[in-house]
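For reference, the structure is listed below as structure tokens.
Only this structure's heavy atoms are used, side chains among them; waters, hydrogens and symmetry mates stay out.
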Amino acid sequence: MKFSMIFLVSNILLLLSSSAFAKTVSPPAPSPTPTPAPAPAPDFVNLTELLSVAGPFHTFLQYLESTKVLDTFQNQANNTEEGITIFVPKDSAFAALKKPSLSKLKDDQIKQVILFHALPHFYSLADFKNLSQTSLTPTFAGGDYTLNFTDDSGTVHINSGWSITKVTSAVHATDPVAIYQVDKVLLPEAIFGTDIPPVPAPAPTPDIAPAADSPTEKSADSKSSSPSSSPDRSSSYKITSYGIWGNIVLATFGVVVMLL
């Protein structure tokens, strides 16, 4: 009887240890697949701050703010996938505008001029080589407000129909915002027409005075010093001639008096 009890207890302990061992050696549950992290959003570009500190673009920035075009550009830069490309003239380019002048334009025309300085897409400098193969590129002004680009060994030239300029430097060129400095204000043909003022002729080259030892002066000096052209010698010759004839006349008069 005791043996049976011992055998029963042993079997119970063996079963309990076997189940505990099975629990400890059971394979771990698979971990859940990690969710990929979302792509980082592009950095917000504050156009006002960038144009304020990047260069002498205060006049262009004032036009952006007064026409409310700044809001249009800012929204395109940070809330679209296309991005934006802006061509910014320096303050000196606006100061050089004498004819035509922006001061004579209406408010809606000035707004079109400012919109004319941007493309509704991000373009790096390398992209302009392909863009130059397109005859006309639309701008934010829409309609007939188009630009023509040419790439000359890496230098980007812009033809607005009225003015021709070039990209002189890249102020900011990180997707989705590209800002390039230009040396002239882009004037659209749709506003200013086709009566483009002629390019002023270059100043005439000043006449260069002949050198002191030039052959012309030498010949003139030699002529002036020659015996045939010397005024002093001819005068003295005349005086000498008059003196001889005077002596002859006096001598003849004296002989006549003696004979009388």
Side-chain angles (χ1 to χ4, degrees), residues 47 51 54-73 76 82 84-125 127-173 177-203:
L47 296 180
L51 293 176
F57 306 131
H58 304 294
T59 304
F60 185 75
L61 182 57
Q62 289 174 359
Y63 278 117
L64 282 176
E65 294 174 340
S66 63
T67 59
K68 307 299 182 182
V69 173
L70 180 62
D71 298 335
T72 303
F73 287 176
Q76 179 74 16
E82 290 295 322
I84 189 172
T85 299
I86 308 174
F87 303 101
V88 185
K90 297 191 299 183
D91 292 341
S92 57
F94 285 97
L97 283 178
K98 303 300 181 183
K99 183 181 180 181
S101 174
L102 299 184
S103 61
K104 298 181 179 180
L105 298 181
K106 299 178 181 178
D107 292 343
D108 59 336
Q109 291 177 320
I110 294 179
K111 182 176 182 179
Q112 290 297 97
V113 171
I114 302 304
L115 288 169
F116 189 57
H117 283 73
L119 309 178
H121 185 78
F122 170 82
Y123 291 102
S124 65
L125 285 175
D127 293 332
F128 286 105
K129 187 173 184 179
N130 296 329
L131 197 62
S132 63
Q133 300 174 3
T134 305
S135 58
L136 298 174
T137 302
T139 66
F140 258 99
D144 297 330
Y145 294 84
T146 57
L147 295 173
N148 180 264
F149 296 90
T150 55
D151 183 275
D152 184 11
S153 301
T155 300
V156 180
H157 295 267
I158 309 173
N159 189 336
S160 70
W162 178 282
S163 53
I164 300 177
T165 184
K166 64 181 179 179
V167 173
T168 56
S169 66
V171 179
H172 183 90
V177 177
I179 299 178
Y180 301 109
Q181 177 181 301
V182 293
D183 54 7
K184 290 183 180 179
V185 179
L186 301 178
L187 302 178
E189 184 179 325
I191 291 179
F192 297 96
T194 57
D195 188 16
I196 303 175
V199 179

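- Rounding to the nearest 0.5 Å gives a distance of 6.0 Å between OG1 of Thr67 and CD1 of Ile114.
- When all heavy atoms are compared, the tightest approach of Ser66 to Tyr63 is OG-O, 3.3 Å.
- Among all heavy-atom pairs drawn from Pro138 and Pro120, the shortest one is O-CD, 4.0 Å.
- Taking the ring centroids of Phe60 and His58, they lie at or beyond the 6.0 Å cut-off.
- The aromatic rings of Phe128 and Phe149 sit tilted, their planes meeting at an angle between 30° and 60°.
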Lys90 vs Asp183, side chain to side chain contact (heavy atoms under 4.5 Å, CB included): CA-CA, chis, key distance, verdict:
CA-CA 7 Å; Lys90 297 191 299 183; Asp183 54 7; 5.7 Å; no
ring-ring contact (aromatic ring centres under 6.0 Å, His included) between Phe73 and Phe140, worked out:
CA-CA 9 Å; Phe73 287 176; Phe140 258 99; 5.3 Å; yes
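- Residue Trp162 comes nearest to Leu187 through the heavy atom pair CB-O, 3.2 Å, listed as atom of the first residue, atom of the second, then distance.
- The closest side-chain heavy-atom distance from Thr165 to Leu186 is below 4.5 Å.
- The line from OG1 of Thr139 to NE2 of His117 is 10.0 Å long, rounded to the nearest 0.5 Å.
- A heavy-atom distance below 4.5 Å is not found between the side chains of Thr85 and Asp127.
- The side-chain heavy atoms of Asp152 and His157, taken from C-beta on, include a pair separated by under 4.5 Å.
- In the model, Asp91 has a side-chain atom that pairs as donor or acceptor with a side-chain atom of Thr59 under 3.5 Å.
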Side chain to side chain contact (heavy atoms under 4.5 Å, CB included) assessment of Ile179 paired with Phe57
CA-CA 11 Å; Ile179 299 178; Phe57 306 131; 5.7 Å; no
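- Contact annotation: the side chain of Val167 never approaches that of Thr155 to less than 4.5 Å [non-hydrogen atoms, C-beta and beyond].
- Residue Asp144 places its CG atom among 12 or fewer non-hydrogen atoms of other residues, nucleotides or ligands, all under 6.0 Å distant.
- In this structure a side-chain-to-backbone donor-acceptor pair under 3.5 Å is missing from Asp151 to Ser132.
- Under the 6.0 Å cut-off for aromatic ring centres, Tyr180 and Tyr123 do not qualify, their centroids lying 6.0 Å or more apart.
- Remark: aromatic rings of Phe87 and Phe116 are distant, center separation not under 6.0 Å.
- The CD atom of Gln112 sits 11.0 Å away from atom CG of Leu105, with the distance rounded to the nearest 0.5 Å.
- Between Leu102 and Leu97, some side-chain heavy-atom pair lies under the 4.5 Å cut-off.
- No side-chain heavy atom of Lys184 sits under 4.5 Å from any side-chain heavy atom of Pro89.
- The line from CG of Leu70 to CD of Gln62 is 12.5 Å long, rounded to the nearest 0.5 Å.
- Not a single donor-acceptor pair under 3.5 Å links the side chain of Ser169 to the backbone N or O of Gln181.
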Decide side chain to side chain contact (heavy atoms under 4.5 Å, CB included) for Asn148 and Ile158; before the verdict, give the C-alpha distance in whole Å, the side-chain angles of both, and the deciding distance to 0.1 Å.
CA-CA 6 Å; Asn148 180 264; Ile158 309 173; over 6 Å; no
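- A side-chain N or O of Ser160 and one of Ser163 form a donor-acceptor pair less than 3.5 Å apart.
- The structure places OG1 of Thr146 at 8.5 Å from CD of Glu189, a figure rounded to the nearest 0.5 Å.
- Distance CG/Leu51 to CG/Leu64: 6.5 Å, rounded to 0.5 Å.
- Between Leu61 and Val88 the shortest side-chain heavy-atom distance does not fall below 4.5 Å.
- Residues Thr137 and Leu119 meet the side-chain proximity criterion, which asks for heavy atoms closer than 4.5 Å.
- Atom CG of Asp107 is surrounded by 12 or fewer heavy atoms from other residues, nucleotides or ligands within 6.0 Å.
- Side-chain contact, Ser103 with Ser101: a donor N or O sits under 3.5 Å from an acceptor N or O.
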